Amino acid sequence: MSLRGLHLRNRYESMTTSRYNAREAETRWQKTWDQQGVFSTKNDDPRPKYYVLEMFPYPSGRIHMGHVRNYTMGDVVARYKRAMGFNVLHPMGWDAFGMPAENAAMVNKVHPKKWTYENIAAMKKQLQSMGLSLDWAREIATCDPAYYKHQQKMFLDFLKSGLVERKQSKVNWDPVDQTVLANEQVIDGKGWRSGAVVEQRELTQWFFKISDYSEDLLKAIDSLDRWPEKVRTMQRNWIGKSEGLLVRFALDPKTTPNKEDELEIFTTRPDTLFGAKFMALAPDHPLSLAAAAKNPKLAEYIAETRRHGTAQAEIDTAEKTGFDTGIKAVHPFDPSWQLPVYVANFILMDYGTGAIFGCPAHDQRDLDFVNKYGLGNVPVVCPPNVDPKTFIITDTAYDGDGRMINSRFLDGKTIDEAKEDVAKRLESGTRGNRPVAQRQVNYRLRDWGISRKRYWGCPIPVIHCEKCGVVPVPDKDLPVVLPDDVEFDKPGNPLDRHLAWKHVACPQCGGKARRETDTMDTFVDSSWYFARFTDPWIENKPTDRKMVDEWLPVDQYIGGIEHAILHLLYSRFFTRAMKKTGHAGMDEPFAGLFTQGMVIHETYHKADGTFVTPAEVKIEAAGGARKATLLTTGEPVSIGGIEKMSKSKRNTVDPDEIIGTYGADVARWFMLSDSPPERDIEWTEDGVQARWTFMQKLWRIVGEMTGIAKKAPAQKPNEFSERAMAVRKATHGALSKISDDIDKLRFNRCVAHIYEYSNTLSSAIGETEDSNAGDPDFAWAMKEAADILVQLFNPMMPHLAEECWAALGHKNLVAMQPWPKVEAALLVEDTLTLPVQVNGKKKAELTVKRDATNAEIEAAVLTLDEVRKALGGKPPKKVIVVPQRIVNVVA
RNA sequence: GUGGACGUGGCGGAAUGGUAGACGCAAGGGACUUAAAAUCCCUUGGGAGCAAUCCCGUGUGGGUUCGAGUCCCACCGUCCGCACCA
C-alpha cells in the first residue's frame, strides 16, 4: 500500500459512522450473492439467452488495471441484461498454458503446474473482490486435462476431416524461447513475445488449414455488423485477397541454365503487359538457384540478399537491386519481343509464384528498379484528360485509372476491359497442351502452424510408429496427459527428453513408437473456450450440441484491440472447423465485439532517468504548475509522458491497493467515467478521489431520501403537484437515457447522466427543508426516485447499490430486481422552449405549447423584441420552423 | 508508402445537420468552523463594456445548407493498422 493510500485510509477510518464503509459492505454483499447463488446460470432456464463474455486472462499472478476496465464493462452489461429479463451467461476462466509458466520454472525452480494454479487462486480472489457477477461454477482452466482432453479429441476429428496437415516447411524459430512462431506471431522479424530476431528453419510442423476458409472468413466479415469497423478492416487486410492471372512466359532455352523453357508469374495487372520491361525472380526461386549454380557472381548476389534481415528499418531503407541472369523471356503476345530476366531482392518467394514481370510506368517498385538499371519505361495507362502524346513517366509511377495506350489491341480500353481481354486471350492460347494463363485468386493468409516445442501446452495426440507412420491416439487413451516429472534445467523441450513418456507401443501394430512431443499453440486453447463455457461439465465430448447451439454466438464479446487479428480470426476458423466435425452448429462465434481502450498513467522519473511508481511520488499543485517529489527522500522527480501502464515504465497502479483503499465500486466507477470505453483512459489520483467523493454523496442522498420516502403512501397517488412531477420527469428521463446508453455501451454518458440526475435529486432534497416535505405525492415521487436511482447505478456500483437498497427498506436484493419501466408520458412536455435564430445565430428563446402550429410559432417569433431588432423593420425573407427543435428567421 | 480513425476550454470529454462546451476534474472566490477535514453555494472558452449587452470561437482554407463541431474538397497535425503482396 502506498503512503498516500495509508493517509487516506486513516482519514477514512476516522470518519463518522454515517459514511459508507465500502470495504466492509463489499465483502458482505459478495458473500450474500455467493450464498444465494444469484449469478449462477441454469442451462434449462426458459427465458431468452444473453451471452456476455470478456476475454479470459492469462494467469500471470495479479490482475492489472486493464483487467479491471475490461471486466467492469462486461459486468455492467451482464447485470443490466439480467435485470432486463435475460438468462445471462457470464463465465470466467483461465488461459492457463503458455511460456511464462515455463520461464518461471527455469528461473524459480517451481513447477509450471504449481505456479499456474497458485496464480489462478490469487487472481480469482482479486476478481472476486471486484464484485463481478460471474458464474464461477463454470470456471475453466485450459491446462486442466478435463479441458484439453476435448481439445485433443477435436484435433483428431479435424485430422480425420482433412483440416489438419503435417508438412515440412520453413518455420520461424525463436532462438530465445526455443520455439516455433506462426507468421502472425512474427512482428518486424522478431518474436512477438521474446522480441528476439527470428531465424528460418526447416521443420516438420502441424498445421490447421485455415487457408481453406480464406474466402469464407473474408466474406463473412460483411455479416459481422456489430464488430468495430477497424477490426473488420484489419481482418480483411490480413486475409489479403487479390485476384490476378498466372501467366506462363516462354523462356529462350538457349539462355537458361538447364534448358528450362518456361517461367510462371503472377500478376494483378495483366492490362499492363505491353508496358513490360523486365522479368524478376525471387532470390530463392528455383530458376535463380539453378542459374546461380552456374554463375558464381549470381550466387554471391543471392547470398548477399539473404544477409539482409527482415527488420523493419532495413526493409524501409533497402534499395531495390537486381542481377541480370542473361536469361531471356518471350512476351506472350509477341514472339519477337524478349525481356531480360533479373533476380531481384524485392521479390518474395512466398507470394504468388515468386516471379513477376515488371511494368515500370505503373508500379513504383518496378520504376525505381528500371531507373537504377537504365531499362526505360513505356506508359500504357493514360490518366483522364491527359494527352497520350505528351504523357511521360519519370520518377513517379502512375497507378490510377485511365485508358490504355501503346498497347496494340488494348488501346482505348479501360483498365478493367483490358484485364478481361488479356485474360481471355491468354486463357484460350496454349503452350504445350496447357493454357498460357489462368485466373487465380491469391490470399495472403497462410495456414496456422500450431506446433510448439514446449512443455506447458496441450500435447498433440499422435504417435509416430516406425512401421505405421503417424497414428492418432485412440479415443479411449485420451487425454494424453502431460507428465509431471520434468526438468527445466536445459533449453529445448522437456517432453522430448522424457523417455518414459515419449516411448510407447504403437496403438495399431504394437511395435516401437514414440509420442509426438510438440504441444499446441496456446491460441488453440482460446479458440473454443467460449463454446466449452456453455456446458463445462460434460465429460464425454467437447460440447453438448444443444447447449452450444443455444448459447452461441456470444452476444457481446469484450477485450483488447491487440487480439483484433490472431485470436479472433483463429476462433472464427475453429468454430467453422467445429461445425464441420459436428461439435457446433454455427460459423461465427462472436455476434457483437467491443474493443476497449488501454489504461494509461503519467510516468515519473528521477534525475538519473530511472522510473518510479506513482505510489512512491507525492504531487503538489502550486500556482497551476504541478511538482513531484519522492515520498521517502523528498528529492524532486520529473513528470513524464502519459503512457500505457507497464512494468518497464513503472507507471502501474495495483488494483488490490485501489480496491483495498477505496473499494471495488470506486475502481469500477472510475473505469466507466469520462473516457469513451473504446478510447484510452488516464488513471489519476484526483480522479479516484472525485469518484470516492461521489460514492459518498450517493450514499448521503439515498440516506436523506429514505427519510422522505418513509412518508410515502403505499398506493401511487392519482395527482402529482408540479414539484413532484418535476422529480418524476427527471427520474424517467434519467431512466430512459441511461438504459439507452448501456445498450449502446456508452458508459461515460451513462455516468454523466447519473451525476446529473443525482444533482437534481440533491436539489429536490434541499427544497424540502424550507417547504412542506410531507406531501404524500412528493414523498411518493421521492421514493420512486430513490429506488430507481439505486437501480440505475447498480450495474456500475453493485455493492453500494445493495447497501442503499437495504437502507431503503427492501428485503430482497437489487441484483435480482427487474429493470424499472419508463413511463413514456413523463418524457413528453406540455410546452417547449424553442431557440430562435436569426440567420443561423441564436437571438432568443420562445416558449410555446407542444401542439402549436408552425404558423402560430412563426407569428409569435416575429413579435419578439430581439427578432424585430435584428430585422430592423424589414420583413423576413423566410422563416424556418423545425417542429420541436428550432426556429430560424432569414433576414 | 498505404489504409483507417481522430483534431472541441487548463484537462477528460458532451452535442439524431438545429441553443457548442452537458457531466466530471482542476483552478479561483464565498458560507459553515477556534482551525482543519467534510459539506454546501458561486465563478471559470476568448475579447470589449459599470451594465444590459455585443463581437469572436470546435486544427487551416474553401464549399454545400435557412443553419455545419457534425456533410463535401484540399491542406496541416496526431494516433493506429498494414507494408517490397507483383
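Here is how names work: the chains are called A, B, and so on, in the same order as the sequence lines, proteins then strands, and each is numbered from 1. Here the structure is a predicted model, which means the values were calculated and not measured.
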Do the side chain of Tyr662(A) and the main chain of Val688(A) share a donor and acceptor less than 3.5 angstrom apart?
no
Where the side chain of Arg365(A) is defined as all heavy atoms beyond and including C-beta, which of C80(B), C84(B), C55(B) is the nearest nucleotide?
C84(B)
Do Lys618(A) and Glu685(A) meet the salt-bridge criterion of a basic N to acidic O distance under 4.0 Å?
no
NA contact type, Arg691(A), heavy-atom cut-off 4.0 Å: base, sugar-phosphate, or nothing?
nothing
Which atom pairs, one a donor and one an acceptor, fall under 3.5 Å between side chains of residues 354-363 of chain A and the rest of the protein, sequence neighbours left out?
residue   : atom : partner   : partner atom : Å
His362(A) : ND1  : Tyr398(A) : O            : 2.7
His362(A) : NE2  : Val380(A) : N            : 2.9
His362(A) : NE2  : Val381(A) : N            : 3.0
Asp363(A) : OD1  : Arg365(A) : N            : 2.9
Asp363(A) : OD1  : Arg365(A) : NE           : 3.1
Asp363(A) : OD1  : Asp366(A) : N            : 3.2
Asp363(A) : OD2  : Arg365(A) : NH2          : 2.6

Looking only at C23(B), A86(B), C84(B), the nucleotide nearest the Asn759(A) side chain is C23(B)
Choose from G12(B), C25(B), G18(B) the nucleotide whose nearest atom is closest to any side-chain atom of Ser675(A).
G12(B)
For the pair made of NZ in Lys842(A) and P in U53(B), what is the distance, rounded to whole Å?
11 Å
note: Asp686(A), atom CG; C25(B), atom C1'; distance rounded to Å ~ 7 Å
Answer with yes or no whether the side chains of Thr321(A) and Tyr301(A) bring together a donor and an acceptor at under 3.5 Å.
yes
Considering every strand and a 4.0 Å limit on heavy-atom distances, what is the contact class for Phe266(A): base, sugar-phosphate, or nothing?
base
Complementary nucleotide for C54(B) - Watson-Crick or wobble, under 3.5 Å
G47(B)
Does a side-chain N or O from Lys841(A) land closer than 4.0 Å to OP1 or OP2 of C56(B), or not?
yes
Which of these nucleotides, C82(B), C23(B), G18(B), is closest to any side-chain atom of Ile565(A)?
C82(B)
For a quick test of reading the model: is some side-chain N or O of Arg700(A) closer than 4.0 Å to OP1 or OP2 of C40(B)?
yes
Backbone of Leu273(A) reached by a side-chain donor or acceptor of His331(A) within 3.5 Å
yes
Taking only the side-chain heavy atoms of Lys697(A) (C-beta and beyond), determine which of C84(B), C40(B), A86(B) contains the nearest atom.
C40(B)
Are Phe369(A) and Phe346(A) near enough that their ring centres are under 6.0 Å apart?
yes
Compute whether any side-chain donor of one residue and acceptor of the other, for Asp447(A) and Ser211(A), lie under 3.5 angstrom apart.
yes
Please determine, for the side chain of Arg679(A), which listed nucleotide (G3(B), G81(B), G13(B)) has the closest atom?
G13(B)
I'd like to know if Asp740(A) and Arg746(A) make a salt bridge, using a cut-off of under 4.0 Å between side-chain N and carboxylate O.
yes
Would you indicate, yes or no, if A14(B) has its OP1 or OP2 atom less than 4.0 angstrom from a side-chain nitrogen or oxygen of Asn748(A)?
yes
Please determine, for the side chain of Ser242(A), which listed nucleotide (A22(B), G12(B), A86(B)) has the closest atom?
A86(B)
Output side-chain donor-acceptor pairs under 3.5 Å for residues 833-845 of chain A, partner residues at least two apart or in another chain, one line each.
residue   : atom : partner   : partner atom : Å
Thr833(A) : OG1  : Thr847(A) : OG1          : 3.2
Asn839(A) : OD1  : Ala891(A) : N            : 3.0
Lys842(A) : NZ   : Glu845(A) : OE2          : 3.4

Once you apply the 3.5 Å cut-off to both distances, tell me the Watson-Crick or G-U wobble partner of A5(B), or none.
U78(B)
Considering every strand shown, what is the Watson-Crick or G-U wobble mate of C40(B) when both distances are under 3.5 Å?
G30(B)
Determine the interatomic distance between P on G46(B) and the same-named atom on G10(B); round to the nearest Å.
7 Å
Provide, to the nearest angstrom, the distance between the CZ atom belonging to Arg444(A) and the P atom belonging to C84(B).
8 Å
If you assign Thr268(A) and Asn888(A) each to the RNA chain B nucleotide with the nearest heavy atom, which residue ends up on the more 5' nucleotide?
Asn888(A)
Looking for any heavy atom pair under 4.0 Å, which part of the strands does Thr684(A) touch: base, sugar-phosphate only, or nothing?
nothing
When you measure from the side-chain N and O atoms of Arg236(A) to the phosphate of G4(B), is any distance below 4.0 Å, counting only OP1 and OP2?
no
What is the distance from CZ of Arg232(A) to P of A5(B), rounded to the nearest Å?
13 Å
Indicate, with a heavy-atom threshold strictly under 4.0 Å, whether Ser673(A) touches base, sugar-phosphate, or nothing.
nothing
Starting the side chain at C-beta, find the nucleotide from C23(B), C84(B), A14(B) nearest to Glu756(A).
C23(B)
Rounded to whole angstrom units, what separation is found between the CD atom of Gln689(A) and the C1' atom of A38(B)?
12 Å
Determine the contact category for Leu834(A): base if any of its heavy atoms lies under 4.0 Å from a base atom, sugar-phosphate if only primed atoms, P, OP1 or OP2 are that close, otherwise nothing.
nothing
By nearest-nucleotide position on RNA chain B, the 5'-leaning member of Ala690(A) and Met349(A) is Ala690(A)
Checking G3(B), U19(B), C84(B) against the side chain of Asn345(A) (C-beta onward), the nearest is C84(B)
Distance in angstrom units between Arg446(A) CZ and C82(B) P, rounded
16 Å
Among G3(B), U19(B), G13(B), which nucleotide has an atom closest to any side-chain atom of Pro676(A)?
G13(B)
Which residues, if any, of residues 876-885 of chain A bring a heavy atom under 4.0 Å of RNA chain B?
Ile880(A), Val882(A), Arg885(A)
Using a 4.0 Å heavy-atom cut-off, does Glu845(A) contact any base of the nucleic acid, only the sugar-phosphate backbone, or nothing at all?
base
Please state the C1' separation for the pair G57(B) and A20(B) - nearest whole angstrom.
10 Å
Basic-acidic side-chain contact under 4.0 Å: Asp225(A), Arg232(A):
no
Check the chi torsion on G57(B) and let me know: syn if it falls within 90° of 0, anti if not.
anti
Phe670(A) atom CZ is separated from G12(B) atom C1', nearest whole Å, by 9 Å
What is the distance, rounded to the nearest whole Å, between atom CG of Asp674(A) and atom C1' of G21(B)?
14 Å
